[in-house]
Amino acid sequence: MAELLMTRMGRGSQYFWSLATIIVVSAVCFAFSSLMGYRTVAFILLVTVSVLAITLDILPVLSAAVLSAFTWNFFFIPPRFTFHVETSEDTILFFMYFIIAMINAALTYKLRQVEKASRLKEERANSVKLYNTILDSLTHELRTPIAAIIGATDNLQQNKNLSPENTMQLIAEISKASLRLNQQVENLLNISRLESGHIKPKNDWCDVGELIYEVVNTIEENNPGRTIHISLDQRLPLCSIDKGMLEQVVYNLLNNAVIHTPEGSSVEVVVNCPVDLLSISISDDGPGFRDIDVKDIFHKFSRNRRAGTTGSGLGLSIVKGFTEALGGSVEARNRPEGGARFNITIPVKTISLNMQA
């Protein structure tokens with residue numbers, strides 16, 4: 001906060017506010033001087049200098065300290081309205097005040113600089129940690145599909161006598177790996193869009209039920225043997241929403257459920273839209289959130305509900321970012337009967353399919 005204030009104020013403005021603050025505080029103390037002694041005023045002025053040292057640069061603060069010392073001498077130390085000091089005790093007190101005010105200003109500013117340096121050091125350490133996390137998570141997630149594509153294409157090029165079945169199998173592996181690679185690139189681009197703040201939904205009328213079926217079919221094609229159950233409200237209306245963003249939200253949640261549950265697990269999608277509020281619930285009967293706090297799962301690069309799972313840790317942070325960009329909210333919880341559940345609610349404009357017909 002102090003650095004932000006200094007950045008917004010130039011050096012001239014800092015001098016003005018530092019000196020003006022001392023003048024205002026001195027004027028208030030002078031107005032109540034009949035109720036307090038001049039030694040009490042000294043403490044008040046020292047506190048004022050300390051506050052200025054927390055927010056302003058060193059030279060304006062030192063100027064304020066000098067002004068406070070001479071203001072205290074002229075207006076408060078007897079005899080008033082003169083720089084002459086009668087008693088040796090008050091003379092010593094004045095010089096001690098002057099020295100303490102200067103030291104206090106310098107030390108407070110120095111402490112602030114040390115705190116700033118410590119904070120910058122911590123931020124650099126966090127940046128290095130985040131960089132390493134990105135490399136660790138993306139190296140595997142990008143290398144695996146690339147290796148699969150290279151291996152499959154090498155087989156196709158070198159083995160001219162492959163059977164049609166083997167050829168189709170290799171082509172399917174290339175397709176699956178390409179989709180996985182494309183998804184990782186999409187996630188990186190989406191995270192970049194979210195962090196830049198340049199993301200605005202482009203709403204249009206969308207058949208949410210059709211979108212759900214399309215995403216589920218894509219997930220099932222890439223995960224043979226896995227069946228996802230869909231439950232749609234039969235009166236589900238058309239919704240005005242950004243289809244691309246909603247599609248990414250649903251895809252990432254379903255993909256997350258498939259990745260983090262063992263073969264044979266049940267995944268269910270429930271969709272309804274009561275009173276212009278689109279509600280999507282995705283649940284599974286897998287292990288749930290065991291080794292990570294539920295409130296942390298939407299953080300970037302948070303990973304693994306169980307050991308041995310893959311994923312870059314970007315999917316759920318994109319889910320949260322896109323859902324909030326659509327004006328909605330997302331929450332996650334462990335199901336009492338076991339597994340995890342994600343609930344999404346998004347306010348939307350709707351139109352009944354019957355009315356449209």
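Throughout, residue positions are numbered sequentially from 1 according to the sequence presented.
Between the side chain of D207 and the backbone N or O of E210 there is at least one donor-acceptor pair closer than 3.5 Å. At least one donor-acceptor pair under 3.5 Å links the side chain of S33 to the backbone N or O of F30. Panel note: side chain D276, backbone K349; no donor-acceptor pair is recorded below 3.5 Å. Between the side chain of S175 and the backbone N or O of I171 there is no donor-acceptor pair closer than 3.5 Å. Distance alone, capped at 3.5 Å, is enough to place a donor-acceptor pair between the S18 side chain and the Y15 backbone. Remark: side-chain polar atoms of D284 are not paired, donor with acceptor, to backbone N or O of V267 under 3.5 angstrom. Within the 3.5 Å criterion, the main-chain N or O of L59 finds a donor-acceptor partner in the side chain of S63. Listed for the D285 side chain is a donor-acceptor partner under 3.5 Å among the backbone atoms of S266. Panel note: side chain N334, backbone A340; no donor-acceptor pair is recorded below 3.5 Å. Panel note: side chain Q248, backbone I318; no donor-acceptor pair is recorded below 3.5 Å.
The shortest side-chain heavy-atom distance between I280 and I346 does not fall under the 4.5 Å cut-off. Under the 4.5 Å side-chain criterion, counting only non-hydrogen atoms from C-beta, F322 is not in contact with L246. Within the 4.5 Å cutoff, side-chain heavy atoms of V215 are placed close to those of E247. Counting heavy atoms from C-beta outward, I351 and P237 have side chains that stay 4.5 Å or more apart. Using a 4.5 Å heavy-atom cutoff, the side chains of T167 and L156 are in contact. When side chains are defined from C-beta on, R119 counts as touching K116, because their heavy atoms get closer than 4.5 Å. Between L278 and T350 there is no side-chain heavy-atom pair separated by less than 4.5 Å. In this structure, E173 and L170 have side chains that are in contact, with non-hydrogen atoms separated by less than 4.5 Å.
Here the CG atom belonging to N159 is positioned 5.5 Å from the CG atom belonging to N155, to the nearest 0.5 angstrom. In this structure, N343 CG and T323 OG1 are separated by 11.5 Å, a value rounded to the nearest 0.5 Å. Interatomic distance, L181 CG to I174 CD1, rounded to the nearest 0.5 Å: 12.5 Å. In this structure, OG in S281 is found 9.0 Å from CG in N272, a value given to the nearest 0.5 Å. Between the CD atom in E268 and the OG1 atom in T227 there is a gap of 13.0 Å [rounded to 0.5 Å]. We find the CG-NE2 distance between N256 and H260 to be 4.0 Å, quoted to the nearest 0.5 Å.
Heavy atoms from other residues, nucleotides or ligands lying under 6.0 Å from CZ of R335 number more than 12. Other residues, nucleotides and ligands contribute only 12 or fewer heavy atoms inside 6.0 Å of the CD atom of E89. More than 12 heavy atoms of other shown residues, nucleotides or ligands fall within 6.0 angstrom of atom CE in M36. Open room surrounds CZ on F95; 12 or fewer heavy atoms of other groups in view lie less than 6.0 Å from it. Within a 6.0 Å sphere centred on CZ of R235, heavy atoms belonging to other residues, nucleotides or ligands number 12 at most.
Aromatic ring orientation, W72 versus Y97: tilted (interplanar angle from 30° to 60°). Ring geometry, F74 versus F83: the interplanar angle falls from 30° to 60°, so the pair is classed tilted.
Nearest heavy-atom pair across I230 and I212 is CG2-CG2, 4.1 Å. For the residue pair I149 and S178, the shortest heavy atom distance occurs at CD1-OG, 3.6 Å. Closest approach of S26 and F76 over heavy atoms only: O-CZ, 3.5 Å. Annotation for S68 and V49: closest pair OG-CG2, 3.9 Å, computed over non-hydrogen atoms. Summarising the geometry of A106 relative to I58, their closest heavy-atom pair is CA-CD1, 3.8 Å, with the distance given to 0.1 Å. When every heavy atom of G328 is checked against every heavy atom of P347, the shortest pair comes out as CA-CD, 4.0 Å.
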Next item on the list: Quick one: do Y38 and D90 satisfy side-chain contact (heavy atoms from CB on, under 4.5 Å)? Show the steps, please.
Entry: CA-CA 10 Å; Y38 63 92; D90 285 342; 2.6 Å; yes

Note to self: Evaluate F342 against L316 for side-chain contact (heavy atoms from CB on, under 4.5 Å), listing each step before the verdict.
What the structure shows: CA-CA 10 Å; F342 291 87; L316 293 183; 4.0 Å; yes

Checklist line | Derivation of the side-chain contact (heavy atoms from CB on, under 4.5 Å) call for K243 and L211 | finding: CA-CA 8 Å; K243 181 179 178 181; L211 181 147; 3.4 Å; yes

Check: Where do L277 and V348 land on the side-chain contact (heavy atoms from CB on, under 4.5 Å) test, with the steps shown first?
Finding: CA-CA 6 Å; L277 189 66; V348 292; over 6 Å; no

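V47 and I54 are not part of a single hydrophobic cluster, where members link through side-chain heavy atoms under 4.5 Å apart. When the side chains of ILVMFWY residues are joined at heavy-atom separations under 4.5 Å, either directly or via intervening members, V25 and V51 end up in two distinct hydrophobic clusters. Residues L46 and I92 share a single hydrophobic cluster, defined by chaining ILVMFWY side chains whose heavy atoms lie under 4.5 Å apart. Under the 4.5 Å side-chain heavy-atom criterion for grouping Ile, Leu, Val, Met, Phe, Trp and Tyr, Y213 is connected to I282 within one hydrophobic cluster. When hydrophobic clusters are built by joining Ile, Leu, Val, Met, Phe, Trp and Tyr residues whose side-chain heavy atoms come closer than 4.5 Å, directly or via intermediates, L232 is not grouped with V270.
Side-chain polar atoms of T345 and S279 form no donor-acceptor pair below 3.5 angstrom.
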